[in-house]
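Take a look at the structure set out below.
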Amino acid sequence: MQRQRGTAGTEVLRMLGVALSTAVLLALAGCGAEGTDPQNCTVSAEERARMLGILQLSAMDSGTPNPSVLLALNLAGDSSKARQELLERIKETAAKQAKDMSSGQVALYTLALRSSCCDPRDVAAHGQSVDLLSILQEKTDQELTHLEQNGTPKSSLFSVGLDAQALCVTGAGDYESAATILAKQLQRSQDKLSVDEQAMMALALVCAYNRTEHKDVQDLLNRTLTMVSNGFLDKQAEGNGIIGNIYSTGLAMQLLLAAGKFYAPRPWDCTQPVAAITAQHLQQPMAVAQALPALVGRTYLDSASLDCSPEAPTTAGMQLDTVLTKGTTPEQVGSNITVNYTITNEVRGKHFSYSTEVEVPAGSVLLVVLEEAQKSNKTIFSFKTESTFWGPMVVSIHGLAASENDRTFWQFFNGSVPLQEGVGTYKPQDGEHIRAVFRIHGSCPIFPVGSNITVNYTITNEVRGKHFSYSTKVEVPAGSVLLVVLEEAQKSNKTIFSFKTESKPWGPVVVSIHGLDESVADKTFWQFFSGDDVLPEGVGTYKPQDGEHIRAVFSIY
């Protein structure tokens, strides 16, 4: 069913005439779960100062001003000169470029300005002015129309979540219909959506829930928020404090801070994600900007209720050079590493898969690997990047460019595991296999048929007889089960990696490696690990990933 829409401008003007009371604004942020102490959800004063220092330094950068940084500074209570200068640049950029921005960008500018106690309906700078909310409503309508007609928005569900939040926080536009559509998307596709997407979409639902007077809408939003927030708590338990990845954890924390009544009386140990993020010692400004609001106990929904009374300028409390170097470790001077690099396209035009081996200094970021590959063969490994708030983003490889229209992009993997950092910050390790795969948003990554993976294999005995530990590197076809790895290792060196199996109803069981047999009498057996984690499957079903380290350890039960 198509959503009924009036003229966007008329709707915005109608809604903007409604004055919001302080009580309503404060209600938008929600509250923590019963028994959760907000003080325990906040980062230490030292870490807050360090993170503020990074954001202040970023605010003084002469490049395109980042509204996420301004929003984070405001939510963290910063009133430095750097923040004020960034605010003026944000106003100038909004006045000049808002009509050409994506909906998500307009939403971020709206939230950043609202958190600065500026009216997004009238943003003026250098003789130019713009009504951000009218533009945002128009762009949000376009996103939702595209979503209803094609199953996907023009940009991303993350952006649409921001759109609905900004409209709702400012009390403008048809945010209720947007929230209803987002709730249905979450109900249908939760397992396919990233934590970032779910968090941004669900925050919009919290805001709409606190505003709507329609019981059927409240019921839908209640069910959806209960599902998402409990899902985040499950992920936190599985990830030892991490929800999704280290970069999405702060956004997920915002949702858990705002949606406490939807998972209560289930407790939330908010100290876990705080500790996890603190331990990571984030350095990249955009990563800090996404994490800091939750670490000071606030969410994007607090944007309209901040106290903007004048205060004396604050400082980060630490020297910026110390801020930026603390937690870093010197690389091995003069040493090099080897990285395997593969580019693959099985999506558009002529399919291809090319590989090369690149040598770079230890500690190099992935961008250096791409540059070295391009130097070695510009015809095959040429690439282009664009500057983003997250750093350089690869938009074209081998002449094949990403496209918003057909929702294609280049994604990077370590073996078959997606990278959690960009090419400007991720540092590959020696022997790592980096894959750049051309993909369609929402699809599964495609790796070339017949491609091989490399598995590190170690056998260890520190229990009985002569102790030993031997390692080898084995290449097997992608998708092979662990038994194939053991067979290839045995072929390469039968003296060391010989093994025996016994057939069981659940598949083959390894009973001997390197001539060392398990024994019921002394309760010994061979146990398999991926790194330090016990394998959940047997050698006949478990499929190692590229670059994985499989360890067979002689153990006592």
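Note that this is a predicted model, so its numbers are computed, not measured.
A donor-acceptor pair is defined here as one N or O able to donate and one able to accept, closer than 3.5 Å; such a pair exists between the side chain of Ser194 and the backbone of Glu197. Under the 3.5 Å distance criterion, the side-chain polar atoms of Gln165 are left unmatched by any main-chain donor or acceptor of Leu203. For Ser102 (side chain) and Gln105 (main-chain N/O), a donor-acceptor pair under 3.5 Å exists by modelled atom type. Between the Arg48 side chain and the Ala76 main chain, a donor and an acceptor come within less than 3.5 Å of each other. Side chain of Thr344 to main chain of Ser353: no donor-acceptor pair is present (N/O by atom type, distance under 3.5 Å, no hydrogens or angles). Side chain of Arg298 to main chain of Leu75: a donor-acceptor pair is present (N/O by atom type, distance under 3.5 Å, no hydrogens or angles). Here the side chain of Lys139 pairs a donor or acceptor atom with the backbone of Lys99 at under 3.5 angstrom. In this structure a side-chain-to-backbone donor-acceptor pair under 3.5 Å is missing from Asn456 to Ser471. Side chain of Gln374 to main chain of Phe383: a donor-acceptor pair is present (N/O by atom type, distance under 3.5 Å, no hydrogens or angles). Proximity of a side-chain donor or acceptor of Thr299 to a complementary backbone N or O of Leu301 within less than 3.5 Å is detected.
Here the NE2-OG distance, from His146 to Ser103, works out to 12.0 Å after rounding to the nearest 0.5 Å. To the nearest 0.5 Å, atoms CZ (Arg50) and CG (Leu55) are separated by 9.5 Å. Between atom CG of residue Leu482 and atom OH of residue Tyr457 there is a gap of 7.5 Å, rounded to the nearest 0.5 Å. Put simply, CG on Leu535 and CZ on Arg551 are 10.0 Å apart, with the number rounded to the nearest 0.5 Å. In this structure, CD on Gln198 lies 6.5 Å from CG on Leu186, to the nearest 0.5 angstrom. For the atom pair Glu85 CD and Leu87 CG, the distance stands at 10.5 Å (nearest 0.5 Å).
Ion pair Lys91/Glu88 flagged as a salt bridge, since at least one NZ, NE, NH1 or NH2 atom sits closer than 4.0 Å to an Asp/Glu carboxylate oxygen.
For the side chain to side chain contact (heavy atoms under 4.5 Å, CB included) criterion with Leu113, the lone passing option out of Ile90, Leu71, Asn74 is Ile90.
Side-chain atoms of Ser80 and Leu52, non-hydrogen and from C-beta on, never get closer than 4.5 Å to each other. Two residues are said to be in side-chain contact when any heavy atoms from C-beta on lie closer than 4.5 Å; Ser248 and Asn245 meet this criterion. Residues Val423 and Trp410 fail the side-chain proximity criterion, which asks for heavy atoms closer than 4.5 Å. Taking the side chain as every heavy atom from C-beta outward, Leu147 and Glu143 never approach each other to under 4.5 Å. Counting only heavy atoms from C-beta outward, the side chains of Met393 and Phe409 never approach each other to under 4.5 Å. At least one side-chain heavy atom of Met286 sits under 4.5 Å from a side-chain heavy atom of Ser68. Between Pro544 and Val485, some side-chain heavy-atom pair lies under the 4.5 Å cut-off. Side-chain atoms of Ile135 and Val130, non-hydrogen and from C-beta on, do get closer than 4.5 Å to each other.
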### Message
Working note: Glu357 + Thr338, criterion side chain to side chain donor-acceptor pair (under 3.5 Å); need CA distance, chi angles, decisive distance, verdict.
### Response
CA-CA 7 Å; Glu357 194 169 80; Thr338 299; 5.1 Å; no

### Task
Assess whether side chain to side chain donor-acceptor pair (under 3.5 Å) is satisfied between Thr342 and Ser355, documenting all intermediate values.
CA-CA 4 Å; Thr342 298; Ser355 296; 2.7 Å; yes

### Task
Would you check, one step at a time, whether the test side-chain contact (heavy atoms from CB on, under 4.5 Å) holds for Phe158 with Leu251?
CA-CA 11 Å; Phe158 183 96; Leu251 297 178; 3.9 Å; yes

### Message
Checking Val368 against Val365 for the side-chain contact (heavy atoms from CB on, under 4.5 Å) test, could you report, in this order, the C-alpha distance in whole Å, the side-chain angles of both residues, the deciding distance, and whether it holds?
### Response
CA-CA 6 Å; Val368 176; Val365 296; 4.1 Å; yes

### Query
How far apart are the C-alpha atoms of Glu488 and Lys491, what are their side-chain angles, what is the distance that settles it, and do they pass the salt bridge (Lys or Arg N to Asp or Glu O under 4.0 Å) test?
CA-CA 5 Å; Glu488 289 301 314; Lys491 288 178 187 177; 3.2 Å; yes

### Task
Applying side chain to side chain donor-acceptor pair (under 3.5 Å), run through Asn150 and Thr152 and close with a yes or a no.
CA-CA 5 Å; Asn150 303 286; Thr152 58; 5.8 Å; no

### Query
Going through the distances and angles, do Thr170 and Tyr175 end up as a side-chain contact (heavy atoms from CB on, under 4.5 Å)?
CA-CA 10 Å; Thr170 54; Tyr175 57 82; over 6 Å; no

#### Entry: side-chain contact (heavy atoms from CB on, under 4.5 Å) evaluation trace for Leu367 with Thr385
CA-CA 10 Å; Leu367 187 62; Thr385 63; 4.3 Å; yes

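Heavy atoms only, all atoms of each residue included: Ala204 and Gly161 are closest at CB-O, 3.7 Å. Of all the heavy atoms in Ala82 and Ala59, the pair that sits closest is O-CB, 3.8 Å. When every heavy atom of Val106 is checked against every heavy atom of Ala98, the shortest pair comes out as CG2-O, 3.7 Å. Pairing each heavy atom of His398 with each of Ile380, the nearest pair is ND1-O, 2.9 Å. In terms of heavy-atom proximity, Leu282 sits nearest to Ala291 at CD1-CB, 3.9 Å. In plain terms, the two heavy atoms of Ser403 and Arg348 that are nearest each other are CB-NH1, 3.9 Å.
Under the 30°/60° scheme for interplanar angles, the aromatic rings of Phe497 and Tyr470 are found to stand perpendicular.
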